[in-house]
Novice: 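Have a look at this one before I ask anything.
Since we're looking at a predicted model, the values are computed, not measured.
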Amino acid sequence: MAEQERTTGPPTTDAGEFATPDSETPEGKRTLRKAIGASAIGNGVEWFDYSIYGLMVVYISSIFFPGDQATVWALGTFAVSFLVRPFGGFFWGPLGDKIGRKSVLAMTILLMAGSTFCIGLLPTYDAAGFLAPALLVLLRLIQGFSAGGEYGGAATFMAEYSPDRKRGFYGSFLEFGTLAGFALGSLVALLCQLIIGADAMADWGWRIPFLIAGPMGAVGWYLRKKLEDTPVFREAESKGETESKAGVALKDLLTKYWRPILSMSGLVIALNVVNYTFLQYMPTYLQVTIDMDADATFTLLLIGQVVLMALIPFFGALSDRVGRKPLWWFSLIGLFVLAVPMYMLMGLGFGFALLAFAVLGLLYLPQLATISAMFPSLFPTHVRFAGFAITYNVATALFGGTAPVVNGALVESTGNNLVPAMYMMGACVIGALALIKTPETAGLSLRGRNTPGSKVAAEAA
């Protein structure tokens, strides 16, 4: 298709009434800071929610699931929320292309934070029997449905607010929010563990991190409601380039843009298998598989996540200069080569585990830092939210969210502690195959109904 053929040339710029904020002026910087804050805090709340579930799996398994397979059941409950993420993507994505990014993001953060808060209020299995795990599964499903619109919407929002030539740098702060959510979860879990002790955590202290999500979500909702929708969406709306019905945008996406859907799917498989194996499954792996105590586990994760937070804007800015694809090649190849050696290193003690976590984190950062700059640019404005949300969540549901339970089950059945490393290696191969066909879009404009970088878009610019 002509609109998906790429052309080379200088990056396009945008101007006029709906220009993106000028990062060189005080007013533009203020607007960008607000947009970054509104996107990142919502993303942080989402991943705080996911983080604390992973960190509390050891407690949740004994509290909600009786029997020898309690940990597998708890990890399975984590995975079940991903079954509904595609439905959330199909619902929220086209709606965001119709009514705007801001309105959808205000709704998703309330659902996400509210359901997490309610997990902290659930009765235990001893108090309510099978009703307790049933309610836990229900709330995880609500989390998954809201997450189906949250992440794609936040990435699209951040990409469309950012100046074209600095989209990698500003977009990386969305993932700063991701790591901040993980780090805050680790910090809260560690403080609770140190202050009230393991016995109290198993009794009632596990509820504290979940309850904290309530006020965090309220702050995120307020910030999002106070901000205008993106300049790119408002321009498309003023020109009548948005779809009047969400179903029309969905049909347009699935019939005309299946090539970027396939490319992005492969990249998301690599990204999220690594993400959920490396960040989400890691607490369980360290405590259950290699028998590291909870205090050491939470300390290791907190140190590693804070370091990654500090470095992520550097990789985002680097992608603006050298492109997104070179960073992805570095990441995929590095993870493929070093995954097994680093997982072998983890079993040698705390210091070695910290070093291994740092190496894997540095190799993963080039992917994480470029998500909100790279993925939204694969689709034109009128199907961008839907394209991102649907593609991301279908691939994540099938391969990412299932990674913790698959890893846990395979480690338990095979006795091989290197299963997570080999699982990551396979995902990196899939990502490399997809990356071959993925266009380089660094510096290109995201405006209009044509795919960024296509011949039609270049002629219009």
Side-chain angles (χ1 to χ4, degrees), residues 18 20 35-36 38-43 45-46 84-113 142-162 171 174 177 217 220-221 223-254 256-257 260-261 264 268 371-397 446-449 451-452:
F18 300 105
T20 52
I36 290 170
S39 299
I41 193 170
N43 207 38
V45 170
E46 176 185 354
V84 296
R85 281 187 71 153
F87 296 102
F90 276 97
F91 178 80
W92 298 113
L95 187 64
D97 286 324
K98 177 179 180 292
I99 68 173
R101 290 61 164 120
K102 183 185 101 167
S103 299
V104 167
L105 287 173
M107 291 184 276
T108 57
I109 194 172
L110 287 180
L111 278 176
M112 172 62 79
I142 295 173
Q143 283 182 324
F145 184 75
S146 60
E150 167 61 39
Y151 191 66
T156 299
F157 189 88
M158 193 66 261
E160 291 184 346
Y161 249 108
S162 302
L174 181 67
W221 174 83
L223 290 176
R224 288 180 172 181
K225 291 293 289 185
K226 296 288 287 184
L227 199 64
E228 278 191 304
D229 218 320
T230 71
V232 174
F233 179 81
R234 286 184 283 120
E235 180 185 56
E237 193 174 39
S238 72
K239 294 180 178 179
E241 294 179 348
T242 57
E243 300 292 357
S244 59
K245 295 182 179 179
V248 176
L250 180 59
K251 180 182 178 182
D252 199 17
L253 170 71
L254 298 178
K256 296 181 180 180
Y257 302 98
I261 287 175
M264 182 177 160
V268 172
I371 295 173
S372 58
M374 187 176 184
F375 290 171
S377 65
L378 299 178
F379 302 95
T381 303
H382 67 294
V383 294
R384 181 167 295 131
F385 196 151
F388 191 120
I390 291 170
T391 306
Y392 186 89
N393 287 295
V394 170
T396 300
L446 301 187
R447 295 171 184 271
R449 290 178 66 93
T451 306

Novice: If you take all heavy atoms of Ser372 and Leu174, which pair is closest and at what distance?
Specialist: CB-CD2, 3.7 Å

Novice: For Leu111 versus Ser146, what's the shortest heavy-atom pair and its separation?
Specialist: CB-CB, 3.5 Å

Novice: Is there a donor-acceptor pair under 3.5 Å between the side chain of Ser377 and the backbone N or O of Met374?
Specialist: yes

Novice: Once salt bridge (charged side-chain N to carboxylate O under 4.0 Å, His left out) is applied, do any residues pair with Arg101, and if so which ones, sequence neighbours excluded?
Specialist: Asp97, Glu160

Novice: Can you tell me how far apart CE (Met158) and CG (Asn43) are? Round to the nearest 0.5 Å.
Specialist: 11.5 Å

Novice: How long is the span from the CD1 atom in Ile36 to the OG atom in Ser162, to the nearest 0.5 Å?
Specialist: 6.5 Å

Novice: Calculate, to the nearest 0.5 Å, the distance between atoms CZ and CZ belonging to Phe233 and Arg384 respectively.
Specialist: 11.5 Å

Novice: Can you list the residues that meet the side chain to side chain donor-acceptor pair (under 3.5 Å) rule with Thr108, with sequence neighbours excluded?
Specialist: Glu150

Novice: Stepwise, does the side-chain contact (heavy atoms from CB on, under 4.5 Å) test hold for Leu253 with Ile261?
Specialist: CA-CA 9 Å; Leu253 170 71; Ile261 287 175; 4.1 Å; yes

Novice: Should the ring pair Tyr257 and His382 be called parallel, tilted or perpendicular, given that the plane angle runs from 0 to 90° and is split at 30 and 60?
Specialist: perpendicular

Novice: Between the side chain of Lys102 and the main-chain N/O of Leu227, is any donor-acceptor distance below 3.5 Å?
Specialist: yes

Novice: Using 0.5 Å steps for rounding, measure from the OG1 atom of Thr391 to the CZ atom of Phe375.
Specialist: 9.5 Å

Novice: For Lys239, check salt bridge (charged side-chain N to carboxylate O under 4.0 Å, His left out) against everything at least two apart and list the hits.
Specialist: Glu235

Novice: Considering all heavy atoms of both residues, which atom of Tyr161 and which atom of Thr230 are nearest to each other, and what is their separation?
Specialist: CE1-CA, 3.7 Å

Novice: Who are the side chain to side chain contact (heavy atoms under 4.5 Å, CB included) partners of Val394, not counting sequence neighbours?
Specialist: Pro86, Phe90, Ile390, Leu398

Novice: The criterion is side chain to side chain donor-acceptor pair (under 3.5 Å); which residues satisfy it with Asn393, sequence neighbours excluded?
Specialist: Arg85

Novice: Do you know the tightest heavy-atom contact between Phe157 and Ser39?
Specialist: CD2-OG, 3.1 Å

Novice: What's the spacing between Leu105 CG and Leu223 CG if we round to 0.5 Å?
Specialist: 12.5 Å

Novice: Could you tell me which residues satisfy side chain to side chain donor-acceptor pair (under 3.5 Å) with Tyr151, sequence neighbours excluded, listed by chain and number?
Specialist: Glu175

Novice: Strictly under 6.0 Å, is that where the ring centroids of Phe145 and Trp92 end up?
Specialist: yes

Novice: Does the pair Ile142 and Val84 meet the rule for a side-chain contact (heavy atoms from CB on, under 4.5 Å), with working shown?
Specialist: CA-CA 8 Å; Ile142 295 173; Val84 296; over 6 Å; no

Novice: Give the minimum heavy-atom separation between Pro94 and Ala386, together with the two atoms involved.
Specialist: N-CB, 3.6 Å

Novice: Quick one: pull up CD1 in Ile41 and CD1 in Ile109 and give me the separation to the nearest 0.5 Å.
Specialist: 6.5 Å

Novice: List the atom of Met264, the atom of Phe388, and the distance in Å for their closest heavy-atom pair.
Specialist: CE-O, 3.7 Å

